[in-house]
Amino acid sequence: MTCQEVVDYMNRYLDGDLDEHERLLLMEHLNECPDDQELFERLKRLSSDLEELPKIVPPFSLVDSILPQLAEIDDLRDAKAASLEGVSLSLNESEEAAAEEESESPAEARSVRRSGASRFSKRARIWTGSTAAAAAAVIILLAVPWGSTSLDKQLAMDGGSETSQAGIFNKKAVEEESSAAQASNMQKRIADAPESSADPLQQGGTVPTATDPERSLSGDSAKGQNEINNNRIGPSVPSGGGKGSTTYPSPGSGGFNNDAPGGWSATPGFTSPSPDGIANQRGLMAVPEVTYSPDGQYSYSISQGWVVIQKEDGGKQFDHTFEGAITEPAWSGDSRYLTVAVQAKAGQVLTYKIDVEDGSFEKTEG
Amino acid sequence: MVEPGLIRAAQQGDRDALVSLLRDIENHVYRTAYYILGNEQDALDASQEALIRIYTKINSYEEKAQFKTWIQRIVTNICIDKFRRTKPVVSIEEHDMVFREKQDVEEEVLSAYAAKDIREAIDKLPDHHRAVVVLRYLQDFSYNEIADSLDLPLNTVKSYLFRARQQLQTLLHDYQKGGVRG
């Protein structure tokens, strides 16, 4: 046996990969070779040490910690399914149905539809009748490729593309989103990780807004307020700087987002149950968003000059009205302080540091 | 480790089944991430990402593969591609030197390889060698299962595992001898 063969046999012995004959060969060789015997003993000990390495388990339930992200993924999927359904419905629409709907369509879309249902020459008349140049441009763009196709096909395409105009846009966004499903929160966090200690303020500020467009795109927001509430929690927990820039709650605080007492924390943030962006924005203006400290023990909400900090057990730690618009709220990494910037008169920006534990605050700059 | 019925239900859109499937595998996912990455924080991040990926990609799992190798492929890929990339890896040739320097400083006397020493030694292995060791010892995988998980030829798996053992053994042996000497 060559040296390499012996070593291979030793290793395969450790993996239970030797047959009886091979095992005997190995033992024979080892009896004659003390050096290899010593190596074999060391390898055996190493292998048994490796087998005894602690079977580490995570410090808290990982699945619980990602439930908010999973719910978000589900919402996006639902939205995607809904918009796909919209497309197939429209594809089945008859000409009459299309005509009936016409009165409800926006002017631009109506022109497009009529042109689709009519002859080419007729379409030309509509163009000349069109008053809005922009609308005409859209019609031309849409109409040109159809010129060579059959009427029925045109109609089908017409109906499809138009009734789900928003839907297709929606779908696109959803596709992008779900293909980068993990990307949404986690990768962002990972990407931020090396520099996350640099500017917790910025992270605290950017993360929630970055997710807002996705939120309003998901359309089907009337569904499952609870899930939506859950969603908010992941992205809205500020990083707190450093490696602790986590989206998972600390152990034992798994359910804090749902049943935190008090009117503030129960409000569903941005997610007012209407699918249109306008109402969403209204919700954004009127309802304060609740954001938890890195350790999950406190939450703050900000509304019309008020900063309210609540303890996880429901006790109010702090409330105060500041003179001016409050921006850039951010938790310190140890959850001890909340800093806010207040846009005072004459463009002055004052920064306040609120001590969460004793409820005091001080001006730090400006 | 996971019932085939649960996997099928999850693939047919049963969300509860999918979540409960994730609960069944989260320890396995985390354990691999922990030993490949060598620290809790990265392991948490990587395993959460892996679980989310499994959640979104469950339909791409095909029964011809073993489920456990499919999930280990996902988690090892995330660990190696995303997290490990930023860290400096000591090349195999440097092991001896690095380890001796360390002993001289620490001058620890050890009668056995402590789990911590083994973890540190594992951490010094190149990525794929480490992954092979982790799957073999922390997931009890066979050569074939490791090959499936890491998408490596069977012979490569063996050679990585054997070489990794040799390196670990050298690292730990020298470490111990140095400690006794010091």
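Quick note: numbers below take in every heavy atom, side chains included, and nothing from hydrogens, waters or symmetry partners. Order of the sequence lines fixes the chain letters, A, B, ..., with proteins taken first and strands second; residue numbering starts at 1 for each chain.
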Requested in this report: Look up atom NZ in Lys44(A) and atom CD in Gln169(B), then write down how far apart they are to the nearest 0.5 Å.
Outcome: 13.5 Å

**Report entry** Contact winner vs chain A - Glu40(B), Arg119(B), Arg136(B), heavy-atom pairs under 4.5 Å
**Finding:** Arg136(B)

Report summary line: When rounded to the nearest 0.5 Å, the distance separating CG of Asp64(A) from CG of Leu22(B) is 11.0 Å

**Report entry** OH-CG distance between Tyr137(B) and Asp15(A), expressed to the nearest 0.5 angstrom
**Finding:** 5.5 Å

Report summary line: Smallest heavy-atom separation, Leu70(A) atom then Arg15(B) atom, equals CB-NH2, 3.8 Å

Query raised in the report: Looking only at heavy atoms, what is the nearest atom pair of Glu26(B) and Ser61(A), with distance?
Result: OE2-CA, 3.6 Å

Query raised in the report: Looking only at heavy atoms, what is the nearest atom pair of Leu44(B) and Pro59(A), with distance?
Result: CD2-CD, 3.8 Å

Query raised in the report: Which heavy atom in Asn27(B) sits nearest to a heavy atom in Pro58(A), and how many Å separate them?
Result: OD1-CD, 3.1 Å

Report task. Answer whether the closest heavy-atom distance between the side chains of Leu172(B) and Asp49(A) falls below 4.5 Å. Result -> no

Query raised in the report: Just how far is it from atom CZ of Arg12(A) to atom OH of Tyr143(B), taken to the nearest 0.5 Å?
Result: 7.0 Å

Requested in this report: Against chain B, label Leu14(A) side chain, backbone, both or neither, depending on which of its atoms sit under 4.5 Å from a heavy atom there.
Outcome: both

**Report entry** Contact class of Asp17(A) relative to chain B, heavy atoms under 4.5 angstrom
**Finding:** side chain

Query raised in the report: Less than 4.5 Å apart, any side-chain heavy atom of Val29(B) and any of Leu62(A)?
Result: no

Report task. Select, from Arg23(B), Lys158(B), Gln166(B), the one with the greatest count of heavy-atom pairs under 4.5 Å involving chain A. Result -> Arg23(B)

Query - Heavy-atom side-chain proximity of Val57(A) to Tyr30(B) below 4.5 angstrom - result: no

Requested in this report: Identify the heavy atoms of Arg165(B) and Asn11(A) that sit nearest to each other, and give their distance.
Outcome: NH1-OD1, 2.8 Å

Query - Tyr55(B), part contacting chain A, at a heavy-atom distance under 4.5 Å - result: both

Query raised in the report: Taking the side chain as C-beta and beyond, is there a heavy-atom pair between Ile56(A) and Leu138(B) under 4.5 Å?
Result: no

Query - Between CG on residue Leu46(A) and CD1 on residue Ile118(B), distance to nearest 0.5 Å - result: 6.5 Å

Query raised in the report: How far does CG of Leu51(B) sit from CD1 of Ile66(A), to the nearest 0.5 angstrom?
Result: 4.5 Å

Query raised in the report: Is the shortest heavy-atom distance from the side chain of Asp8(A) to the side chain of Phe162(B) under 4.5 Å?
Result: yes

